[in-house]
Amino acid sequence: MSALAGLTLARARDGLKAGDFSSVELTKAHIKAVEAVRPLNCYITETPERALEMAAASDKRLASGEAGAMEGLPVAIKDLFCTKGTLTTAGSHILDGFEPPYESTVTANLFAAGAVMLGKTNMDEFAMGSSNMTSHYGPVENPWKRNGDAQAKLVPGGSSGGSASAVAARAALAATGTDTGGSIRQPASFTGIVGLKPTYGRCSRWGIVAFASSLDQAGPMTRTVRDSAIMLGAMAGFDRKDTTSVDTPVPDYQAALGGDARGLKIGIPKEYRIDGISAEIEALWQQGIDWLKSAGAEIVDISLPHTKYALPVYYIVAPAEASSNLARYDGVRYGLREAGQTLQEMYENTRAAGFGAEVKRRVLIGTYVLSAGYYDAYYLKAQKVRSKIAGDFRDAWDKVDLVLAPTAPSAAFGQGENMDDPIAMYLNDVFTVPASLAGLPAVSVPAGLSSQGLPLGLQLIGRPFDEETVLRAGRIVEDAAGFSAAPGFVAAEMAK
Ligand code: GLN
């Protein structure tokens, strides 16, 4: 592996500014790394020519002193972000050949800051999943292996699994992800990287293929907390084109890093001690508590009483919104069209052929909970409970500044596991959906290794628009964990 592909975003940025290497050199090293990790199937579309053009333009701006915050830094883009003129699939057959005539606001912001696009990353179809097994473009493999088991292919989590694997395998300095119920945080935990879901409204949703509009949020996936701070600063900002985008200034997130945890109150919600939680996840959580305590934080036991409803509420609200959002794929406006005798038959044939099983399941559930007669019993009830869940957090913020919890109930599992039982798959989201339903910022930071040598993440949830405190505490956990991506990690070998 080229040393250039192993740098952090921050180090690469500083190296470019100091003239140690050019963006074209950095980008070439990454294009090689992308090719070397092809067996992982992280990318749906590689864009090396575009990357080299962007890098050459960055080198000019670096030379003339006009460098932006992400100038010349090669990153990967989840294939849920519309990229003008570049195939955008959302991991679905139904978007075959779709080349958006517009650029999403988040990617436009990143490119305006100088970022270089290496390609579009694989993902669960329409961001529905926790394993990256539902992609039309095939599963993504996690670069990590269980100790002593070089055979079993592990999932990188989902839905932003391609982004997570690419960043973990050093085939991008960083990547964008999106998180509706955990799709940034859970894959970050499974692949030993940092994943930040910002506050709902912090990053524009404009030009991101919609899954569940009241939950979807874009965020950075990086190898360090500092890198997430840098990248979030470039992604975030008010956007008139998204009515739920919030007009509040973007702070200097990097300035929030550093210092200890004195003055911070960290809440430990008793309801997250779910039945059957594994001993190693409990131990990791306790470790995180101890680290923050020794950094000066005050640990406070709290209650988030409606936690147990979060998963059922999410699996009503998200499919309801998805069934409505996905109604637009009719064979007329985008991608795939399957012929039929009548217009109705063409719709049916296109949707039957274009959507995979998980997407169909969500559309069915969503249509059911929104249908006359069931709307009040399911959808409306779920909305009411959702506001109770948000209320639990509002009450908590009177007592604490952050909540600390595990990110996921397990380490990465094998490809094909949990596939025959959708409920078992949905359980992956048990710790991540509450913050999504409440619209809160949350980060997953690699905090340790499982007994099988696989990465495990800890999650910090913060007050609305307080990404700064989330990042500050994330940095403390990151430092204390001293996480090293060495054991079990094969990608570095593959990329040599
Ligand atoms: N795993 C969750 C789901 O399948 C979350 C997905 C996401 O955040 N996009 O819906």
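As the structure lists them, so they are numbered: ligands from 1, and atoms in each ligand from 1. In this text, all values refer to a predicted model and were calculated from it rather than measured experimentally.
- The aromatic ring centroids of Y329 and F126 lie less than 6.0 Å from each other.
- Around ligand 1, the residues contributing at least one heavy atom under 4.0 Å from the ligand are A127, M128, G129, S130, S159, D179, T180, G181, G182, S183, F211, Y314, Y315, R362, D429.
- In this structure, a donor-acceptor pair under 3.5 Å is absent between the side chains of K197 and S436.
- Within the 4.5 Å cutoff, side-chain heavy atoms of R146 are placed close to those of L154.
- The closest side-chain donor-acceptor pair between D239 and S204 falls under 3.5 angstrom.
- Looking at residues two or more places apart in sequence or on another chain, you find a side-chain contact (heavy atoms from CB on, under 4.5 Å) between I274 and I277, V430, F431.
- Here W206 and Y102 bring their ring centres to under 6.0 angstrom of each other.
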